[in-house]
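In what follows, every heavy atom counts, from backbone to side chain, and hydrogens, waters and symmetry copies are set aside. Each chain gets a letter, A, B and so on, in the order its sequence line appears, and its residues count up from 1. Bear in mind the structure is a predicted one, so any value in this text is a computation, not a measurement.
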2 protein chains.
Amino acid sequence: MAEGTSGPRKRADARRNEQNLLEAAAAAFRAAGVDAPVRDIATRAGVGVGTIYRHFPTRADLIVAVYRHQVEACAEAGPALLAGSDSAHAALRRWIDLFADFLITKHGLAGALRSDDDAFRSLHAYFLDRLVPVCDRLLAAAAAAGEIRADIPALTLMHGVGNLCIGADQDPRYDARRLVGLLLAGLRVPEPPEQTRAY
Amino acid sequence: MAEGTSGPRKRADARRNEQNLLEAAAAAFRAAGVDAPVRDIATRAGVGVGTIYRHFPTRADLIVAVYRHQVEACAEAGPALLAGSDSAHAALRRWIDLFADFLITKHGLAGALRSDDDAFRSLHAYFLDRLVPVCDRLLAAAAAAGEIRADIPALTLMHGVGNLCIGADQDPRYDARRLVGLLLAGLRVPEPPEQTRAY
DNA sequence: TTCACAAACGGAACACTGTTCCGTATCGTC
DNA sequence: GACGATACGGAACAGTGTTCCGTTTGTGAA
């Protein structure tokens, strides 16, 4: 995974191709979303399709590689926001906005995160592993400060925000950020009496 | 569209096949979601694929035909709930629960509703045409009663609820109904000061 | 009852996906 | 320069949706 993991150094052409592939994939994702056809990416990179699969066995691997920096940045922004904000809730809100912005600007990424396709399972896992703990800390801090309810798991919230971001770049009438704000607002109030849960 | 629209009556075998197709599609959708392969549906119905396309030119047409009754029922429940509930907000809440339940129990329907695939455009249009006005009335009534904010368009809310329902049947840890409830709760409070909107 | 023709059917064929596999080319080393 | 390991390319396969047209079937008229 990480660059420096022991093992014999890869051949020069392999390293070059991997780099080309990352750039080509980033461009293809920008142009056609994270579902861009494998052949398109291969052509952009000037390699055969086999080379893609050798370097990135699943599409998830490729997507993770392309967006790893941004996911890491998002993860690191959590504690920083918590330290630098007036309230934990404000930090949470800003962090969620960061996360939502990231998803909204990556065509189809939010959808891929929700796909039940096996090829996307590890993408899902990576996002969750990396970001849920961060979200959890923000949530816990805000709950401890009495600013929000304490009964929503970070995983649930992130799923929800991710879902709200699906298709946000396709319909100008759909304001995902607004809905995310609404969801966060819903977090502030105690759950209303459950008149409707018992059908 | 409607059964009774003039024109010469269809041939008996055509009517029979259409009926078989509807039942086969319903079964296939239950078993494999609304993305069930065309050939599967054709086989279940004992017809060739050409016959599907003759009766239902796009997948959206087939889905709409299969679920029309339930969508209509949902649409009709709106005014009924408004008349029979203590408050407009309670009616809204119940109606949204109805809508969410419908989506959650139909594998992949929520996702299809969000797809940018051309084949699903008319599905999207049908749902919106039929349900947005209903939602709008509930929203307007609740807003008029001062129970919720008045600045969220029905279209936006329905998109949001639909999105939250995506994948709800795939991950037991994901509680879509809970999040929908949170969204509704967010509707009750005035929008918090926008500290984060101006980055 | 038979006939003729419009209506409808079936499924082969095509286009476009992802994925695998192996003969060939290239790199790094001795 | 030669050799072995590494990596490459793209043909081939499998699974989708969709179209098209030769064949079959239903129906109304003779």
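An OP1 or OP2 oxygen of D:dA7 is reached within less than 4.0 angstrom by no side-chain nitrogen or oxygen of A:T51. Taking 4.0 angstrom as the limit, B:R11 places none of its side-chain polar atoms (N or O) nearer than this to OP1 or OP2 of C:dA6. Between B:H55 and C:dA8 there is no side-chain N or O to OP1 or OP2 distance below 4.0 Å. Applying the 4.0 Å criterion to OP1 and OP2 of D:dA7, one finds that A:N17 has every side-chain N and O outside that range.
A straight line from CD1 of B:I52 to P of C:dA12 spans 15 Å, rounded to a whole angstrom. Atom CZ in B:F56 sits roughly 13 Å away from atom P in C:dA8 (whole-Å rounding). When rounded to the nearest whole Å, the span between CZ of B:R16 and C1' of C:dG10 equals 15 Å. Taking atom CZ on B:R39 and atom C1' on D:dG15, their separation rounds to 8 Å, with Å as the unit. Distance B:K10 NZ to C:dA8 P: 7 Å, rounded to the nearest Å. If you measure from atom CD of B:E18 to atom P of C:dA7, you get 16 Å, rounded to the nearest angstrom. A:D35 places its CG atom 18 Å from the P atom of C:dC16, with the value rounded to the nearest Å. B:F120 places its CZ atom 13 Å from the C1' atom of D:dT16, with the value rounded to the nearest Å.
There is a path of hydrophobic side-chain contacts, each under 4.5 Å, that joins A:L131 to A:L81.
When distances are taken from the side chain of B:Y53 to each of D:dT19, C:dG18, C:dC9, the shortest belongs to D:dT19. Checking D:dT19, D:dG17, C:dG10 against every side-chain atom of B:V47, the shortest atom distance belongs to C:dG10.
Residues A:D117 and A:A12 each lie close to DNA chain C; by heavy-atom proximity, the contact nearer the 5' end of the strand is made by A:D117. Residue B:R54 is the one, among B:R54 and B:D13, whose nearest nucleotide of DNA chain D lies closer to the 5' end (criterion: closest heavy atom).
Taking SG of A:C165 as the start and CZ of A:R177 as the end, the distance is 8.0 Å to the nearest 0.5 Å.
Between A:D13 and A:R16 there is no salt bridge, since no side-chain N of the basic residue sits under 4.0 Å from a carboxylate O of the acidic one. Ion pairing between a basic and an acidic side chain is recognised when a charged N comes within 4.0 Å of a carboxylate O; A:R173 and A:D171 show such pairing. Using a cut-off of 4.0 Å between Lys/Arg side-chain N and Asp/Glu carboxylate O, B:R59 and B:D35 are scored as not salt-bridged.
The environment of CZ in B:R137 is sparse: at most 12 heavy-atom neighbours from other residues, nucleotides or ligands sit within 6.0 Å.
Comparing the end axes of the helix from C:dT1-D:dA30 to C:dC30-D:dG1, each fitted to five base pairs by superposing C1' atoms of four pairs onto the next four, gives an inter-axis angle of 10° (nearest 10 degrees).
Annotation: side chain to side chain donor-acceptor pair (under 3.5 Å) contacts of B:Q70 (sequence neighbours excluded): B:K106.
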